[in-house]
Amino acid sequence: MPRTPIIAGNWKMHKTPEEAVAFAQQLAPMVEPYDNVERVVAPTFLALGAVAAALDGSPVKVAAQDGHWETSGAYTSQVSAAMLQPFVDYVIIGHSECRAYLNETDENVNKKARAILTCGLSPIIAVGESLAQNEAGDTVDFVRGQVSAALDGISADEMGRVVIAYEPIWAIGTGRSASGEQADAIIRSAVRDTVCALYDDAVADALRIQYGGSVKPGNMEEFMTQPNIDGALVGGASLQSDDFAALVEIASRVKGA
Ligand code: 13P
């Protein structure tokens with residue numbers, strides 16, 4: 001079964017609600033023709049409701065950038081997966097910026113993944129090694145550990161809704177991306193093979209795995225031609241509608257299911 005490519009724009013802490021809505025309205029018709037690609041935008045929490053309303057009826061889906069595992073409670077600053085449920089299809093968790101600045105642990109990523117699935121949503125679980133780990137040759141072991149921890153207790157059925165994003169930290173926002181072949185090799189050995197060992201061939205074959213880290217129109221084709229890469233989690237280039245649309249067009253042409 002071919003895997004439908006998924007291109008998600010992680011807007012991070014960019015765009016006010018007004019700017020986010022205007023951008024979504026501009027982007028939607030530009031990417032509308034590419035039905036063989038899943039198209040997703042992830043605004044800030046503050047803009048989620050307005051962007052979801054603006055994209056209602058459009059093929060562009062909405063993701064949140066985080067989601068707490070408890071339904072509600074005394075967790076100042078947090079938003080629960082259950083609260084996100086009416087607005088989004090996806091929730092990004094485990095992003096390296098959350099791991100670095102917000103004390104996101106593997107254990108929390110797992111609790112969030114389970115809560116997101118229980119709410120009927122899909123987690124996009126971000127994993128990836130630091131430059132020091134990469135240079136020490138620890139990438140595969142480290143990413144394997146992140147993947148195994150994130151998926152603890154998740155059923156084979158639920159895996160059909162999970163997306164994993166491999167984002168080497170040294171490639172995020174640096175303009176320095178992994179090569180397509182490097183990224184594909186790590187995605188295969190550290191992510192797909194790990195999922196195969198934890199579940200089975202069918203679950204591993206169906207799993208969609210994105211690459212993230214300085215993806216732009218100029219290098220998108222190199223990633224999309226790799227056998228194990230099923231899309232991209234994009235920061236900077238997703239903030240420009242022309243670039244975002246170009247990424248979707250390339251994914252559709254090279255990889256469209
Ligand atoms: P850049 O595309 O800006 O490198 O960011 C990648 C990223 O962190 C997406 O989640």
Side-chain angles (χ1 to χ4, degrees), residues 5-15 19-20 23 27 31 37-45 47-48 51 60-67 88-102 104 109 112-113 116 122-131 133-134 139 142-143 146-147 150 162-180 182-184 186-187 191 208-224 226 229-251:
I6 173 167
I7 311 299
N10 174 11
W11 292 348
K12 308 191 179 185
M13 200 172 71
H14 293 287
K15 299 190 188 296
E19 291 165 347
F23 185 91
L27 180 73
V31 298
V37 176
E38 224 178 324
R39 297 137 286 181
V40 183
V41 293
T44 67
F45 282 133
L48 267 185
V51 169
V60 181
K61 295 179 178 168
V62 180
Q65 296 178 20
D66 197 7
V88 308
D89 289 294
Y90 289 94
V91 184
I92 300 168
I93 52 174
H95 195 281
S96 61
E97 286 149 19
C98 300
R99 294 181 192 259
Y101 311 136
L102 301 173
E104 181 80 299
V109 172
K112 289 175 179 181
I116 290 159
S122 297
I124 297 177
I125 302 171
V127 296
E129 83 288 0
S130 66
L131 184 59
Q133 288 166 322
N134 184 281
T139 298
F142 180 73
V143 173
Q146 286 183 317
V147 169
V162 170
V163 175
I164 295 184
Y166 168 62
E167 301 201 299
I169 297 169
W170 47 270
I172 295 178
T174 58
R176 180 183 165 193
S177 60
S179 75
Q182 271 176 333
D184 189 75
I186 293 163
I187 283 173
V191 185
R208 292 187 297 170
I209 308 172
Q210 299 171 308
Y211 169 78
S214 298
V215 172
K216 45 188 184 279
N219 60 19
M220 182 66 169
E221 189 146 346
E222 182 183 341
F223 293 112
M224 288 303 96
Q226 303 300 325
I229 302 182
D230 308 307
L233 183 57
V234 187
S238 76
L239 300 169
Q240 309 295 331
S241 55
D242 286 353
D243 283 351
F244 199 141
L247 297 177
V248 171
E249 184 278 320
I250 293 164

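As the structure lists them, so they are numbered: ligands from 1, and atoms in each ligand from 1.
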Give the atom numbers and elements of ligand 1 that come within less than 4.0 Å of a heavy atom of [X].
X	answer
G236	1 (P), 2 (O), 3 (O)
A171	4 (O)
K12	5 (O), 6 (C), 7 (C), 8 (O)
G173	1 (P), 3 (O), 4 (O)

Can you tell me which portion of S96 lies within the under-4.0 Å heavy-atom range of ligand 1? Options are side chain, backbone, both, or neither.
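S96 to ligand 1: no contact under 4.0 Å from either part.
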Report the part of N10 in contact with ligand 1, treating N, CA, C, O as backbone and CB onward as side chain, heavy atoms under 4.0 Å; options are side chain, backbone, both, neither.
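Side chain only.
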For the pair S214 and T174, evaluate side-chain contact (heavy atoms from CB on, under 4.5 Å) and give the outcome as yes or no after the intermediate values.
CA-CA 7 Å; S214 298; T174 58; 3.9 Å; yes
For G235 and ligand 1, does the shortest N/O to N/O distance drop below 3.5 Å?
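Yes.
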N/O to N/O below 3.5 Å, does that happen between I172 and ligand 1?
no
Of all the non-hydrogen atoms in the protein, which one sits nearest to atom 9 (C) of ligand 1, and at what distance?
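Atom 9 (C) of ligand 1 sits closest to the protein heavy atom E167 OE2, 2.9 Å.
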Do any heavy atoms of G213 fall under 4.0 Å from ligand 1?
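Heavy atoms of G213 do come under 4.0 Å of ligand 1.
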Flag for E19-H14: side-chain donor and acceptor within less than 3.5 Å
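Per modelled atom types, H14 and E19 side chains form no pair under 3.5 Å.
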Under 30°, 30 to 60°, or over 60°: which ring-plane class applies to F23 and F244, parallel, tilted or perpendicular?
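Judged by the thresholds at 30° and 60°, the geometry between F23 and F244 is tilted.
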Do any N or O atoms from the side chain of [X] and from the backbone of [Y] form a donor-acceptor pair under 3.5 angstrom?
X	Y	answer
D230	I209	yes
Q65	K12	yes
Q182	S179	yes

About how many Å separate CD1 of I164 and CD of Q146, when rounded to the nearest 0.5 Å?
10.0 Å
